[in-house]
Amino acid sequence: QVQLVESGGGLVQAGGSLRLSCAVSGRTFSILTAGWFRQAPGKEREFVAAVSWSGLSTYYASFVKGRFTISRDNAKNMVYLQMNSLKPEDTAVYYCVADHERFGSITMRYDYWGQGTQVTVSS
């Protein structure tokens, strides 16, 4: 089993930056893909980014437009999402996700989800 715990969310002004962290515990050796989803009030969850556990491949939603960077630190069992040039429309609960499958598409389903961390971007 795998457990995910997010942190680093908060309130930031438009144009600012935040770094989200995800602590991965449990059977981390079995994880092949980790990533981030987000969900704004009244909207469905949407894919943000993913990274192969090897760190060799990364994938991003088009709305990121070079502003976000996903990374992982296997030695620390951590996954990060560096968010720069934040916009009000980035306001959402951000969820860390992981799965035993290799990344196939942005519609890939994930077996493991964190509790979420709130990101609020003010105008």
Inset, instruction - Verify the neighbour count for atom NZ of K87: are there more than 12 heavy atoms of other residues, nucleotides or ligands below 6.0 Å? - result: yes

Legend entry - Contact summary for V119 and G9, nearest pair of heavy atoms: CG2-CA, 4.2 Å

Inset, instruction - Compare all side-chain heavy atoms of S52 with those of R102 and state whether any distance is below 4.5 angstrom. - result: no

Legend entry - CD1 on I106 to OG on S62, rounded to 0.5 Å: 7.5 Å

Inset, instruction - Could you state whether V121 and V93 fall into the same hydrophobic cluster, counting links through intermediate Ile, Leu, Val, Met, Phe, Trp or Tyr residues with side-chain heavy atoms under 4.5 angstrom apart? - result: no

Inset, instruction - Would you confirm whether D99, through its side chain, and D111, through its main-chain N or O, come within 3.5 Å as a donor-acceptor pair? - result: yes

Inset, instruction - May I ask you to test the Y110-T33 pair for a side-chain heavy-atom distance under 4.5 Å? - result: yes

Inset, instruction - Determine whether W36 and L86 fall in the same hydrophobic cluster, where Ile, Leu, Val, Met, Phe, Trp and Tyr are linked whenever their side-chain heavy atoms lie under 4.5 Å apart. - result: yes

Inset, instruction - Answer with yes or no whether the hydrophobic clustering places Y60 together with M83; edges join I, L, V, M, F, W, Y residues whose side-chain heavy atoms lie under 4.5 Å apart. - result: yes

Legend entry - Spacing of OG1 belonging to T91 relative to CD belonging to Q118, to within rounding of 0.5 Å: 7.5 Å

Inset, instruction - With rounding to the nearest 0.5 Å, note down the distance linking SG in C96 to CD1 in I70. - result: 7.5 Å

Legend entry - Minimum heavy-atom distance L4-Q115, with the two atoms named: O-OE1, 3.7 Å

Inset, instruction - Establish whether F103 and L81 are linked, either directly or via other cluster members, by ILVMFWY side-chain heavy-atom contacts under 4.5 Å. - result: no

Legend entry - Heavy-atom side-chain contact between V5 and Q3 under 4.5 Å: no

Inset, instruction - Measure the CZ-CD distance between R67 and Q82 for me, rounded to the nearest 0.5 Å. - result: 12.0 Å

Legend entry - Close side-chain approach of D90 and F68, heavy atoms under 4.5 Å: yes

Legend entry - Atom CD of Q13: over 12 foreign heavy atoms under 6.0 Å: no

Inset, instruction - Would you sort out whether F47 and Y59 count as a ring pair (Phe, Tyr, Trp, His ring centres under 6.0 Å), showing the intermediate values? - result: CA-CA 10 Å; F47 172 81; Y59 312 89; 7.9 Å; no

Legend entry - Closest non-hydrogen atom pair, V2 against R27: CG2-O, 3.8 Å

Legend entry - Closest non-hydrogen atom pair between E6 and G116, with its separation: OE1-N, 2.9 Å

Inset, instruction - Rounded to the nearest 0.5 Å, what's the gap from CD1 on I31 to CG on N77? Could you check? - result: 10.5 Å

Legend entry - Exercise: identify the closest heavy-atom pair between S30 and H100: OG-CE1, 2.8 Å

Inset, instruction - Taking the side chain as every heavy atom from C-beta outward, state whether V24 and C22 have any pair of such atoms under 4.5 Å apart. - result: yes

Inset, instruction - Find out if a path of hydrophobic residues (ILVMFWY) with successive side-chain heavy-atom gaps under 4.5 Å connects F63 to L18. - result: yes

Inset, instruction - State, yes or no, whether a side-chain contact exists between W113 and R45 at a heavy-atom distance under 4.5 Å. - result: yes

Inset, instruction - Supply the atom-to-atom distance R72 CZ to M78 CE, rounded to the nearest 0.5 angstrom. - result: 13.0 Å

Inset, instruction - Please name the pair of heavy atoms, one in A92 and one in R38, separated by the smallest distance, quoted to 0.1 Å. - result: CB-CB, 3.9 Å

